[in-house]
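Take a look at this one; I'll ask things after.
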2 protein chains.
Amino acid sequence: MNYSKQRSLILSILSSSEGHLTADEVYNKAREVNERISLGTVYRNLNALSEVGEIRRINIPGANTIFDKNAHKHLHFRCIKCGKIQDLSGESIDKIVDNFEQKTGNKVYSNDIVLNGLCKNCKTGENCVKA
Amino acid sequence: MNYSKQRSLILSILSSSEGHLTADEVYNKAREVNERISLGTVYRNLNALSEVGEIRRINIPGANTIFDKNAHKHLHFRCIKCGKIQDLSGESIDKIVDNFEQKTGNKVYSNDIVLNGLCKNCKTGENCVKA
DNA sequence: CCCAAAATAATAATGATTACTGATTTATCA
DNA sequence: TGATAAATCAGTAATCATTATTATTTTGGG
């Protein structure tokens, strides 16, 4: 795969971010550098990069799809109040998957897992930016 | 909540189904009984019923949202070839959730979990209807 | 340097879902 | 039972994220 200026910019924006961005967030950050970049380019490259495994595309039920610089983490937590996404590092559902495969004969290739709840800040009432 | 004819019909369609239906599938089945029912009514009632916990609304990444008559099952498997959805009954990720809550101080209320892979039939090459 | 393949910007199209509107049904209670 | 307010409806328009299209530009290998 070629790495055009736009593709490199998009990857670097995601890499230097705290973690998870929506396509629109990437688009807005990209326009600060290249004001002519188009939203279609952002989508095309985010999808291309996730297809080759450089980043991960994560569907968040009830919210916009996010793109994650870490291609290998799989479990996420979403605060229902502030919307922030956190990773569950180190956790794995291998045992559940193994058990399911043995019982059913199905083969599992990937998983989409999102836990929903209140983050520490929103729980205690501290101010938590973002809708 | 009131149970209008339309709402009851929608609930009974889901209850008598094998398990998971999209809004459009519910709409088509509903029109067989009441040819004047509108798609908006189907959406409104599916959402209303899932909000009070009578059914469950499940986001399937890369596919249409489905509505599940079983309000309490949480884990699902989706075949990437035929698109069929299966339940993972009896499985639970309580341990992972407990661990995450203790480590982070967050509170988890619900989870959305979809495993993706090949079902037994598609794996062995048997004919598997549906896209 | 040239040329085919890949990538781009800009815009149109798509498709699921929600919002709106005015009409109809249902619940409540005097 | 009859009136009145609240809930729900059908039909349609609007929204919003995402993808497709197209004509143009960039790029890397020979």
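Owing to the predicted nature of the structure, the values given are computational and were not obtained by experimental measurement. The chains referred to below are lettered A, B, ... by the order of the sequence lines, with proteins before strands, and numbering in each begins at 1.
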Give a yes/no on whether any side-chain N or O of A:Asn47 is located under 4.0 angstrom from OP1 or OP2 of D:dT19. yes
Which class fits the ring pair B:His76 and B:His20: parallel under 30°, tilted 30 to 60°, perpendicular over 60°? perpendicular
Would you tell me whether A:Asn106 and B:Gln86 have side-chain atoms, one donor and one acceptor, within less than 3.5 Å of each other? yes
Pick the nucleotide of DNA chain C nearest each of A:Arg36 and B:Tyr43; which residue has the one closer to the 5' end? A:Arg36
Taking OP1 and OP2 of C:dA16, is either one under 4.0 Å from a side-chain nitrogen or oxygen of B:Thr65? no
Atom-pair distance (CG on B:Asn2; P on C:dT24), nearest Å: 19 Å
Provide, to the nearest angstrom, the distance between the CZ atom belonging to B:Arg57 and the P atom belonging to C:dA16. 13 Å
Closest non-hydrogen atoms of B:Val114 and B:Asn59, given as atom of the first, atom of the second and distance, are CG2-O, 3.9 Å
Within the structure shown, what part of the strands sits under 4.0 Å from A:Asn45 by heavy-atom distance: base, sugar-phosphate, or nothing? sugar-phosphate
Name the nucleic acid region contacted by A:Leu39, choosing base, sugar-phosphate or nothing; use a 4.0 angstrom heavy-atom cut-off, strictly under. base
Provide, to the nearest angstrom, the distance between the CZ atom belonging to A:Phe67 and the P atom belonging to D:dA17. 13 Å
No-hydrogen, no-angle side-chain donor-acceptor test under 3.5 Å, B:Arg56 and B:Asn70: no
May I have the distance from B:Arg31 (atom CZ) to D:dG11 (atom P), rounded to whole angstrom? 10 Å
Taking OP1 and OP2 of C:dA9, is either one under 4.0 Å from a side-chain nitrogen or oxygen of A:Thr41? yes
Check every strand shown and say whether A:Arg44 touches a base, only sugar-phosphate, or nothing at a heavy-atom separation below 4.0 Å. base
B:Ile37 CD1 to D:dA10 C1', in whole Å, measures 10 Å
Mind checking B:Asp24 for me? I need base, sugar-phosphate or nothing, with any heavy atom below 4.0 Å counting as a touch. nothing
Per atom distances to the A:Ser4 side chain, the nearest of C:dA7, D:dC9, D:dG11 is C:dA7
Is the phosphate of D:dC16, meaning OP1 or OP2, less than 4.0 Å from a side-chain N or O of A:Asn64? no
Mind calculating the distance between CD (A:Gln6) and C1' (D:dT25) to the nearest angstrom? 10 Å
Could you state the OH-P distance from B:Tyr27 to D:dG11, rounded to the nearest angstrom? 8 Å
Whole-Å gap separating P (D:dC9) and CD1 (B:Ile10): 7 Å
Output for pair (A:Lys69 NZ, A:Leu14 CG), nearest 0.5 Å, gives 8.0 Å
